2 protein chains.
Amino acid sequence: MGISQRAYSLLESSGYKITNQRQTILEIILKNRQQHMSAEEIHEKANKINPDIGLATVYRALELFEELKILHKLNFGDGRSRYELWEEEHHHHHLICTSCDGVYEVAEDLLEVLEDRIEHKYKFNISGHQLKFYGICHQCQEDCSNEC
Amino acid sequence: MGISQRAYSLLESSGYKITNQRQTILEIILKNRQQHMSAEEIHEKANKINPDIGLATVYRALELFEELKILHKLNFGDGRSRYELWEEEHHHHHLICTSCDGVYEVAEDLLEVLEDRIEHKYKFNISGHQLKFYGICHQCQEDCSNEC
DNA sequence: ATCAGTGCAAAGTATTTGCATATCC
DNA sequence: GGATATGCAAATACTTTGCACTGAT
């Protein structure tokens with residue numbers, strides 16, 4: 001079952017309606033999965049498909065999708081929230097370059113051992129995680145070694 | 001050398017002045033290290049010591065401390081930034097309870113292996129990280145098992 | 001005397017909310 | 001038909017900024 005099918009049945013079974021706007025918003029996120037878009041960016045793209053979708057509707061849909069665990073809200077410290085498909089969330093991490101502000105993804109998890117330890121030691125029932133590494137990306141290291 | 005000594009010499013050597021306001025703000029953070037305070041909260045406490053410290057000054061000091069790597073800005077998804085001493089940052093993680101919104105700390109790191117792998121594979125020069133686990137804390141699990 | 005630092009109020013952003021209207025089942 | 005969702009504009013919340021003033025060296 002595809003992500004959108006799962007999302008639609010989640011909406012339905014939770015008593016929410018599958019409206020045009022919600023479909024449009026979800027499709028945009030699916031089409032740009034690797035993008036970490038903000039509400040504003042999603043709204044812009046949504047308006048190209050349907051100029052009548054308001055920003056408030058986008059926010060409300062994103063909130064709903066987050067509640068239904070379709071999306072995950074991310075924060076990269078630039079003052080706005082960014083969103084990512086829930087599915088992608090659990091098995092990768094983000095590398096944030098403090099020089100160019102770029103965000104890269106790491107497609108490995110490797111936190112199982114740590115999670116197990118935490119679940120036992122702290123009796124904390126883990127449902128998800130978010131790991132960010134700050135540093136200097138390869139490109140910026142090269143740019144710097146040329147200049148300085 | 002204590003944290004505040006390091007902070008003051010960092011300020012000085014970077015050409016910034018050690019003002020009353022900056023001292024007050026830093027002291028408050030040192031006295032409440034485990035608290036993850038927001039700018040507003042720091043401002044409130046600062047005002048009890050010196051009623052003339054403005055909120056803008058607090059924001060400016062926090063920004064400066066962040067730049068000097070005295071503090072780290074955190075985001076727990078409640079719409080405001082929270083701050084923590086840089087020293088504490090590198091060797092612990094946060095457990096965020098999605099039921100009671102409590103934030104707990106885990107005093108282990110265990111990310112060295114993962115960091116090494118990422119540094120090599122992605123040629124990303126890591127300087128810090130931030131790891132949040134979402135889930136249900138022990139207390140909420142108990143509360144729930146009583147009720148449901 | 002100079003220049004960084006500050007307080008205040010105003011501006012700027014991101015997000016949320018109230019309400020009348022439109023839409024879906 | 002009745003509840004749910006939407007659009008718009010206004011409200012809110014957090015943070016930043018402009019500017020005149022203060023304070024330290």
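Since we're looking at a predicted model, the values are computed, not measured. Because only heavy atoms are used, hydrogens play no part in the values below, and waters and symmetry mates are left out as well, while side chains stay in. Every chain is numbered from 1, with letters handed out A, B, ... down the list of sequences.
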(message) Any side-chain N or O of A/Ser81 below 4.0 angstrom from OP1/OP2 of C/dT15?
(response) yes
(request) Say whether A/Leu114 and B/Ile136 are linked into one hydrophobic cluster, either directly or through other cluster members, by side-chain heavy-atom distances under 4.5 angstrom. (result) no
(request) Measure the distance from CD on A/Gln23 to P on C/dT23 and round it to the nearest whole Å. (result) 15 Å
(message) So, OP1 or OP2 of D/dT16: does either fall under 4.0 Å of a side-chain N or O from B/Tyr59?
(response) no
(message) How many whole angstroms separate atom CG of B/Asn20 from atom P of D/dA24?
(response) 8 Å
(request) Just call it for B/Gln21: base, sugar-phosphate, or nothing, with non-hydrogen atoms closer than 4.0 Å on any strand. (result) sugar-phosphate
(request) Figure out the NE2/P separation between B/His43 and D/dA13, and round it to whole Å. (result) 17 Å
(request) Find the distance A/Leu55:CG to D/dA5:C1' and express it as a whole number of Å. (result) 16 Å
(request) Would you kindly give the CD1-to-P distance between B/Ile18 and C/dA4, to the nearest whole Å? (result) 16 Å
(message) Rounding to an integer number of Å, can you tell me how far B/Asn50 CG sits from D/dG23 C1'?
(response) 14 Å
(request) With the side chain of B/Tyr16 defined as its heavy atoms from C-beta on, choose the nearest nucleotide among D/dT4, C/dG5, C/dT15. (result) C/dG5
(message) Quick test of your reading of the model: are A/Glu40 and A/Arg80 salt-bridged, counting only N-O distances below 4.0 Å?
(response) no
(request) Select one nucleotide: of C/dG5, D/dT6, D/dC14, the one nearest the side-chain heavy atoms of B/Lys17. (result) C/dG5
(request) Could you work out which one of D/dG7, C/dG7, C/dG5 sits closest to the side chain of A/Arg60? (result) D/dG7
(request) Side chain of B/Ala56 only, please: which of D/dC8, D/dG23, C/dC8 is the nearest? (result) C/dC8
(message) Just the rounded figure in Å: distance from P of D/dC14 to CZ of B/Phe76.
(response) 16 Å
(message) Heavy atoms from C-beta onward define the side chain here; which of C/dT16, D/dG7, C/dG7 lies closest to that of A/Ile53?
(response) D/dG7
(message) In whole Å, I'd like the distance from the CG atom of B/Leu26 to the P atom of C/dG5.
(response) 15 Å
(message) Checking side-chain polar atoms at under 3.5 Å, does B/His93 have a donor or acceptor matched by the opposite partner on A/His129?
(response) no
(message) Could you walk me through whether A/Tyr104 and A/Gln139 satisfy the side-chain hydrogen bond (donor to acceptor under 3.5 Å, both in side chains) test, starting with their C-alpha distance in whole Å, then the side-chain angles of each, then the deciding distance to 0.1 Å, before giving a yes or no?
(response) CA-CA 12 Å; A/Tyr104 304 85; A/Gln139 190 58 53; over 6 Å; no
(request) Specify the residue among A/Arg22 and B/Glu40 whose closest nucleotide of DNA chain D lies further upstream toward the 5′ end. (result) A/Arg22
(request) Identify the heavy atoms of B/His43 and B/Gly54 that sit nearest to each other, and give their distance. (result) NE2-C, 3.6 Å
(request) Among D/dG7, C/dT6, C/dG7, find the nucleotide with the atom closest to the side chain of B/Thr19. (result) C/dT6
